[in-house]
Amino acid sequence: MDKQEALDRRYLRMARIWAENSYCRRRQVGALLVKDKMIISDGYNGTPTGFENDCETPENTSKAYVLHAEANAISKVAKSSNSSDGSTLYVTASPCIECAKLIIQSGIRRVVYAEEYRITDGIDLLKRAGIEVIYKPIESEQQ
């Protein structure tokens, strides 16, 4: 295993642990934004700051205002003095189309994800934009 492969696996494991911070019951997703081997931002899916920590409706669907892990990580870096330009996003689930648009606009160059979602439009858009997209299933990790 080469050095980048080892780093990719480590950061994905860290993103998986970070997902545990999510209060969402249906699915917990974590994201790390890494640049020059430094974590510059992190995120997990959940409600906006100041809202109740309850992601689901009584019908067990996601509330419309729940933020995805990628959106939280990108929003967080926007409030900092860091730049996401040229960075790598590690995320436990494949990005949706809305998150893909944010990824493209924020200058992220690589996306490494661990779980494929049934709808691939986000991944398709990232590839169309020339962003390197790498799928690394968590279950294939060597501990």
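Computed over heavy atoms, backbone and side chain alike; hydrogens, waters and symmetry mates excluded. Fair warning: this is a prediction, and the values are worked out from it, not measured in the lab.
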Enquirer: Below 3.5 Å, can you tabulate the donor-acceptor pairs from side chains in residues 54-63 to any protein atom, sequence neighbours excluded?
Expert:
unit_1	atom_1	unit_2	atom_2	d
Asp54	OD1	Arg25	NH1	3.1
Glu56	OE1	Arg25	N	3.3
Glu56	OE2	Arg25	N	2.9
Glu56	OE2	Arg26	N	3.1
Thr57	OG1	Glu59	N	3.2
Thr57	OG1	Glu59	OE1	3.3
Thr57	OG1	Thr61	N	3.2
Thr57	OG1	Thr61	O	3.4
Thr57	OG1	Thr61	OG1	2.9
Ser62	OG	Arg26	NH1	3.0
Lys63	NZ	Glu52	OE2	3.0
Lys63	NZ	Asp54	O	3.2

Enquirer: Indicate, with yes or no, if Val91 and Tyr117 share a hydrophobic cluster defined by side-chain heavy-atom contacts under 4.5 Å among Ile, Leu, Val, Met, Phe, Trp and Tyr.
Expert: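 Different clusters: Tyr117 never reaches Val91 through Ile, Leu, Val, Met, Phe, Trp or Tyr contacts under 4.5 Å.
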Enquirer: Quick one, Val111 and Thr88 - any side-chain contact, counting heavy atoms below 4.5 Å?
Expert: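 Counting from C-beta outward, Val111 and Thr88 never come under 4.5 Å.
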Enquirer: Report yes if some heavy atom in the side chain of Arg16 is under 4.5 Å from a heavy atom in the side chain of Gln28; otherwise report no.
Expert: no
Enquirer: Is any side-chain N of the basic residue among Arg109 and Asp85 closer than 4.0 Å to the acidic one's carboxylate O?
Expert: no
Enquirer: Give, for atom CZ of Arg128 and atom CD1 of Ile104, the distance between the pair rounded to the nearest 0.5 Å.
Expert: 9.0 Å
Enquirer: Quick one, Tyr113 and Ile134 - any side-chain contact, counting heavy atoms below 4.5 Å?
Expert: no
Enquirer: Given 3.5 Å as the limit, does a donor-acceptor pair link the side chain of Tyr11 with the main chain of Lys37, or not?
Expert: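 The answer is yes, because a donor-acceptor pair under 3.5 Å joins these two groups.
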Enquirer: Between CD of Glu98 and CG of Asp121, what distance do you get to the nearest 0.5 Å?
Expert: 9.0 Å
Enquirer: I want to check something: taking the side chain as every heavy atom from C-beta on, are Pro95 and Ile123 in contact at a cut-off of under 4.5 Å?
Expert: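 In short, these two side chains touch, coming nearer than 4.5 Å.
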Enquirer: Taking distance alone, no hydrogens or angles, what donor-acceptor pairs closer than 3.5 Å link side-chain atoms of residues 66-80 to residues at least two apart or in another chain?
Expert:
unit_1	atom_1	unit_2	atom_2	d
Asn72	ND2	Tyr44	O	2.7
Ser75	OG	Ala71	O	2.8
Lys76	NZ	Asp42	OD1	2.6
Ser80	OG	Val77	O	2.8
Ser80	OG	Asn82	N	3.1

Enquirer: Lys127: which residues meet the salt bridge (Lys or Arg N to Asp or Glu O under 4.0 Å) condition with it, sequence neighbours left out?
Expert: none
